[in-house]
Amino acid sequence: MEDTLKILVVDDDKVDRMAVRCALAKAGIQMELSELADGNDAFSILSTTAYDCVFFGYRLLDRDRLTLIQQLRSSDIKVPLVVLTGQEDEPTAVKLLKAGATDYLFKSRISPENLAQVLRSAIRVYRAEMQAALAKDQLRESHEQLIRKNQELERQQQQLQMQNLKLSEASMLKLHFLATMSHELRTPMNAIIGFSQILLRPKLSQLTHQQADMIERILNNGKHLLMLINEVLDFSKLEVGRLDLKAERFDVSKVTNLAVSEMRSLAESKNLSLLVQIDLQNSLIYNDPVRIKQILINLLSNAIKFTESGEIWVEVKELPVNRVAIIVRDTGIGIAARDFKHIFEGFRQVDQTLTRKYPGTGLGLAIIDSLVRMMGGKIFLESKLGVGSMFKIELPRQIILSSVGADVPLKVDDKMVFSSSQNSHHSSYEVRQASIISPKFKL
Ligand code: ADP
């Protein structure tokens, strides 16, 4: 305590006050000491002047001084209070401490050393108490801030929930609209296709070459439009969970060859080789053949659409744990890693501009993604810009119709892998082992 301390001694006994003053001086305390004979003046003096410590002379049964200590403590006056009591009994000391005294010393023990020690420890204790009180205040303040922030967060969460609700209502309306519109459009479209086909029948052919050419265009455009309408209908049904798989046991190699033969002329029109390799000991699987073919057609038409030269490979092979893989590989324009996730979302294309080179709805991969998820399978994509792409679909040999998956990226490495689903259902269906010789690389 190097600084000069401001000390107040309150005692009606002049001799006792002098004893305190002398003891403190002897102890070498650098101080500015004031004295008061009447305790009643203490309150007003302490309200106007700041002291580092107050010594209170206290006699037994002096009710007024006990009240004074309590009043000081409950007021704004912050100061260490040391009581000097003439009575050497512990209960009195406890009573004083409870009233708010910082420390006490029996008058019989007043000596320079004892007084200096009590003074130092009272100031130290008092400062520690002040710091603790300050920390408590800060803690209470930050607790209150936390409560306020929590309330604000809860309010924002409620707002978000409301917005989410509105968004999902709007989304449901949009899907409902898409489903209704595409359903309604299919009927006239089928009529256009049907009548065009009738008109083109050779028996009815009283058409000029130019008329036949025009009707053929109507037919082709009608078919293309119907395909687009069907994509929108499938997508909206899948989004609201209203598309059912019609599972049966079928030969996946046959369905693969059928899809490939349907797409062959398109590949040939672009001078692309279309290679097939089916490597299965048992080509019977339990799944929805229409949807498997749809997946293959979608992947193949993308491969053809996005490849200018080179080859397209289709591979079907066995995988461990009763699964099969369908792989479509191309030497096309490739996909940048940053677009991997987006292209599986509905209406998303790498080139979103209106002047884009490649036509399409951007629904094909979203539909494949949902279908594969329903089948309890996974999609893997590997691609490199300017080199080509590989879409690999892993499926259980037997699907469980209630299979539901979740969007989980499996692993992202320097290649690029995106998985649409992780599903570990085990089927209760049994597929008979049949040995079918798989065609190897049919051209
Ligand atoms: P669409 O083909 O109708 O645009 P898809 O959902 O089938 O819609 O594909 C989404 C996007 O993914 C495509 O627009 C294209 O940018 C990219 N894509 C899909 N398949 C390939 C592929 N084989 N090669 C390059 N890009 C592809």
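Atoms within a ligand are numbered from 1 in the order they appear, just like the ligands themselves.
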Worksheet item: Any chance NZ of Lys78 has more than 12 other-residue heavy atoms, nucleotides or ligands included, within less than 6.0 Å?
Response: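 Above 12, so yes.
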Worksheet item: When you look at NZ of Lys98, are more than 12 heavy atoms from neighbouring residues, nucleotides or ligands closer to it than 6.0 Å?
Response: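 No - once you tally the heavy atoms of other residues, nucleotides and ligands closer than 6.0 Å, there are 12 at most.
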Atoms of ligand 1, numbered as shown, that sit under 4.0 Å from any heavy atom of [X]:
{"X": "Leu363", "answer": "6 (O), 8 (O)"}
{"X": "Gly362", "answer": "1 (P), 3 (O), 4 (O), 6 (O), 8 (O)"}
{"X": "Ser389", "answer": "24 (N)"}

At a 4.0 Å cut-off, with the gap strictly under it, does some heavy atom of [X] reach an atom of ligand 1?
{"X": "Asn298", "answer": "no"}
{"X": "Gly332", "answer": "no"}
{"X": "Phe391", "answer": "yes"}
{"X": "Lys305", "answer": "yes"}

Worksheet item: Do ligand 1 and Gly364 have nitrogen or oxygen atoms that lie under 3.5 Å from each other?
Response: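 Such a contact does occur with ligand 1.
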Discussion item. Checking Glu141 now: which residues fulfil side-chain contact (heavy atoms from CB on, under 4.5 Å) with it, not counting sequence neighbours?
Written reply: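 By the side-chain contact (heavy atoms from CB on, under 4.5 Å) rule, Glu141 matches Glu144, Gln145, Arg148.
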Practice prompt. Determine the minimum heavy-atom distance between Ile335 and Phe340, stating which atoms define it.
Written response: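 Taking Ile335 first and Phe340 second, the nearest heavy atoms are O-CE1, 3.5 Å.
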Item to complete: Output the distance between atom CD1 (Ile7) and atom SG (Cys53), rounded to the nearest 0.5 Å.
Response: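 Going from the CD1 atom of Ile7 to the SG atom of Cys53 covers 6.0 Å.
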Worksheet item: For atom 27 (C) of ligand 1, which candidate among Leu228, Ile335, Ile368 holds the nearest heavy atom?
Response: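 Heavy atom nearest to atom 27 (C) of ligand 1 belongs to Ile335.
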Discussion item. I want to confirm something. Looking only at heavy atoms, which of Phe306, Phe344, Phe340 is nearest to atom 13 (C) of ligand 1?
Written reply: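 Looking at heavy atoms only, the winner is Phe306.
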Practice prompt. Sequence neighbours left out, what passes salt bridge (charged side-chain N to carboxylate O under 4.0 Å, His left out) with Lys223? Give chain and number order.
Written response: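 By the salt bridge (charged side-chain N to carboxylate O under 4.0 Å, His left out) rule, Lys223 matches no residue at all.
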Worksheet item: Pick from Glu154, Gln159, Glu152: which one makes a side-chain hydrogen bond (donor to acceptor under 3.5 Å, both in side chains) with Gln156?
Response: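 It is Glu152, the one option of Glu154, Gln159, Glu152 that forms the side-chain hydrogen bond (donor to acceptor under 3.5 Å, both in side chains) with Gln156.
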